[in-house]
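Report on the structure given below.
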There are 4 protein chains.
Amino acid sequence: MMSLCSFFLRKGDAGLQKNKSEKYNKILDSAGAVFAQFGFYKATISQIASRAGVADGTVYLYFKSKEDILYQFISFKTNSVFKKINAAVEKGRNAEEKLRQLIRSHMDEFQKDKNMAIIFQSEVRYFRDIQFQIKDISKMYLELLSDIIEQGQIEGAFRQDLFVGLVKRFIPGAVEGVIGTWVSADGGYDLVSMADPLVDLYLTGIREQ
Amino acid sequence: MMSLCSFFLRKGDAGLQKNKSEKYNKILDSAGAVFAQFGFYKATISQIASRAGVADGTVYLYFKSKEDILYQFISFKTNSVFKKINAAVEKGRNAEEKLRQLIRSHMDEFQKDKNMAIIFQSEVRYFRDIQFQIKDISKMYLELLSDIIEQGQIEGAFRQDLFVGLVKRFIPGAVEGVIGTWVSADGGYDLVSMADPLVDLYLTGIREQ
Amino acid sequence: MMSLCSFFLRKGDAGLQKNKSEKYNKILDSAGAVFAQFGFYKATISQIASRAGVADGTVYLYFKSKEDILYQFISFKTNSVFKKINAAVEKGRNAEEKLRQLIRSHMDEFQKDKNMAIIFQSEVRYFRDIQFQIKDISKMYLELLSDIIEQGQIEGAFRQDLFVGLVKRFIPGAVEGVIGTWVSADGGYDLVSMADPLVDLYLTGIREQ
Amino acid sequence: MMSLCSFFLRKGDAGLQKNKSEKYNKILDSAGAVFAQFGFYKATISQIASRAGVADGTVYLYFKSKEDILYQFISFKTNSVFKKINAAVEKGRNAEEKLRQLIRSHMDEFQKDKNMAIIFQSEVRYFRDIQFQIKDISKMYLELLSDIIEQGQIEGAFRQDLFVGLVKRFIPGAVEGVIGTWVSADGGYDLVSMADPLVDLYLTGIREQ
DNA sequence: CATGAATGAGAGTTCATTCAT
DNA sequence: TATGAATGAACTCTCATTCAT
């Protein structure tokens, strides 16, 4: 959460403390690349520092520990992505459009930041602590889905008898599955173009009607 | 697998083989528990050995390295689970029944072996090497799905216009998402009871018809 | 020295205890090959045992420890070689002939047993303990040389003003140097043919007369 | 050597460089003493580090492995000794003087650095890799000898019918034998005083003329 | 006598973290 | 602030040796 604070502060007083922010961001970026390439455990502080163009010790002026780097990376990315997803969803005029915006922007953000995609696929599940830290965000995502589903039901667009608790898990699960496949294929195709077909599957299912 | 084979063949007392792989299995079980609890990297050989009731060095009589333990654990579980899933699927009389059997048995096996569930959730994505090793199994799973979908289309039960490549990813993705949630909740509810509602979602989607 | 005892006993009561001797010798031979190929430290008991066709534990029925194998190997070879050298020297009618026999048989024995040659080149210098154990043999070799030199001086064949203490070191040093070169060249030429030219060098030196 | 180079070049204070390689040299010295006393295999990094007054991990800032320490020790010493021998030889006015200088300085250097003497006696023959690494130096030594012998033949000081290939081996072999004896006697006498008598033996041989 | 599975002490090595400069 | 040399705890893995069978 501290990373978020400093993040928000940096936005607030841009100009001041610009140098500190620069190094902080450099290190965070560098860590993203190194974690994505080697995984958290095989990555070393030296790799991160040298890719960021700073000394090893400097890393500890901005981060408490190696784990803290990962935590801050994930917090930062999670918040940043969530904001964009949120903004995208708001553009939707009805539940279905909102759902499409959600999936599209989710995939869009991950496609635009493959390091983040890789780290979310592999590291986030690895660390219970992280799961705890990002629980808030995760909860917000689920609440967003809840709202969309509820709205859809009110609109009469979605079925009334949905097992909402399950739907809320099943949608992001499927998205992550599709993203995971994309990552495994080294990002060799356009991920966002999967979004609408996927939403169509959510909506109409696979059964002949 | 060769190590396993030669191990099983070592003694000429086929038929009983009661203690043929006592130690091997003890260590593998122990490793499953320790990996599940601490994750691969934080787990130590000493923990695994002592939980298995053997000396550290003994581990290396049965496994060639720490990674090898994880590989063999995953290979073993993957094969074993896949066989059961396969058998369950064959009981289905038609595509829909087969799909239900697939999801049910998938969840059933993971529910019966929570350590495995945790390890599959976290470690498998972490190791590219492992992903490579279990690619065959993964491919078989996807082929199974392909067959079911194709059969369903022939039967006229599933839509003809499905984006099969996407459906094949979206189904296991959603299952894993549901399993992941169950794991996060410490297995506090019946996972298998999620299977049919989930299949219903696959089949009919969430849209009001 | 125990190895010597058992060696002499084996000769004494051949027929009886033949089995024990067989295994003992097999292990010793195997150890010679393995030590020569890998060096004492990189060689393992398992390698030695398996090459000898016995179980690891069996090695310890015949030898006290890994070091003991090396000690016994060296004692055995040293004694055996020294006997042959001694016998060869006795055939010489005068000091010069004796010296030639000494060098020739020394080289001959090492050429016939390359494993021994390698082990003497590398291991003997490595272990102070071994140097201590074979000091007696070494001393006998030097005494043999002393006797030959003295006899040569009495015969009037060798110079009276020799620094005998130095000559005694310089002769085996040169021989070992030549053997070492031969070993390095993988025994690719006839070592014994170096003997007479080498003795000629001892005798007449390199200075124009 | 590259590690050395980059190390020396690291700081821009050429000229003084007083503590540029303080640690490096301390560790190398310490390793020399420990290897000499215990042999490479029985020596431990902890012994070397603690004798050098550094932490175990520090050793790995300067050397990439235990073997690397030995390699660098031997490379360093070999080069350093060879330079001195070379310089000494150049002082000789004729072949015989050059030969005397060669043997004298060889013994002098080894006498001044007993650890090096011990390590060269025991370790160098133990490691094929090392023998390969120092082959160049060894070759230079032999070439030096070739030149001296050839010069002596041209001068008319050495016999024309010498088996030069043999002479080249026999001289360093004898020197090493003499050094080995000196080492075994714990350096209890003046080694250099053996040089001239040894050269006399080379020159005139042991036969009555 | 023979076996070989089991042991566990002990080694080399890594690397996150610190701190004097 | 920034550095990067130094630290040392902690890890994996090896293998000589033992002992129940």
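A note on names: the letters A, B, ... follow the listed sequences, proteins ahead of strands, and every chain is numbered from 1. The structure displayed is predicted, hence computed values, not measured ones.
- Residues D:Phe35 and D:Ile69 meet the side-chain proximity criterion, which asks for heavy atoms closer than 4.5 Å.
- Judged by distance alone, the side chain of C:Ser30 and the main-chain N or O of C:Lys26 form no donor-acceptor pair under 3.5 Å.
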Pair D:Leu61-D:Tyr24, side chain to side chain contact (heavy atoms under 4.5 Å, CB included): steps then yes or no
CA-CA 9 Å; D:Leu61 296 178; D:Tyr24 176 89; over 6 Å; no
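- For the pair A:Lys66 and A:Phe40, the cation-pi test (distance below 6.0 Å, angle within 45°) is passed.
- In this structure, D:Phe73 has no ring-ring contact (aromatic ring centres under 6.0 Å, His included) partners at least two apart in sequence or on a different chain.
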Can you give one letter per nucleotide of nucleotides 11-21 of chain E, 5' to 3': B if a protein heavy atom sits under 4.0 Å from the base, S if only from the sugar-phosphate, - if neither?
SSBB-SBB---
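- Annotated stems with DNA chain F as a participant read E:2-21 with F:2-21, given as range with range, by first number; only runs of 3 or more Watson-Crick or G-U pairs under 3.5 Å qualify.
- For the residue pair B:Asn25 / B:Ser21, a side-chain donor-acceptor distance below 3.5 Å is found, with atom types taken as modelled.
- Here D:Lys23 reaches the OP1 or OP2 of F:dA6: one of its side-chain N or O atoms lies under 4.0 Å away.
- As judged by a 4.0 angstrom heavy-atom cut-off over every strand, D:Val59 is placed among residues making no nucleic acid contact.
- Nearest-nucleotide positions on DNA chain E for B:Gly53 and C:Val54 put C:Val54 closer to the 5' end.
- Remark: P of F:dG4 and CD of D:Glu22 are 19 Å apart, rounded to the nearest angstrom.
- As a whole-Å value, the separation of B:Lys26 NZ from E:dA5 P is 17 Å.
- Rounded to an integer number of Å, the gap from B:Phe63 CZ to F:dT14 C1' is 18 Å.
- A salt bridge links A:Glu67 with B:Lys42; the closest basic N to acidic carboxylate O contact falls under 4.0 Å.
- Comparing E:dA6, E:dT7, F:dG8 by their nearest atom to the side chain of D:Ala55 picks out F:dG8.
- Put simply, the side chain of C:Thr58 never gets that close to the backbone of C:Val54: no donor and acceptor are under 3.5 Å apart.
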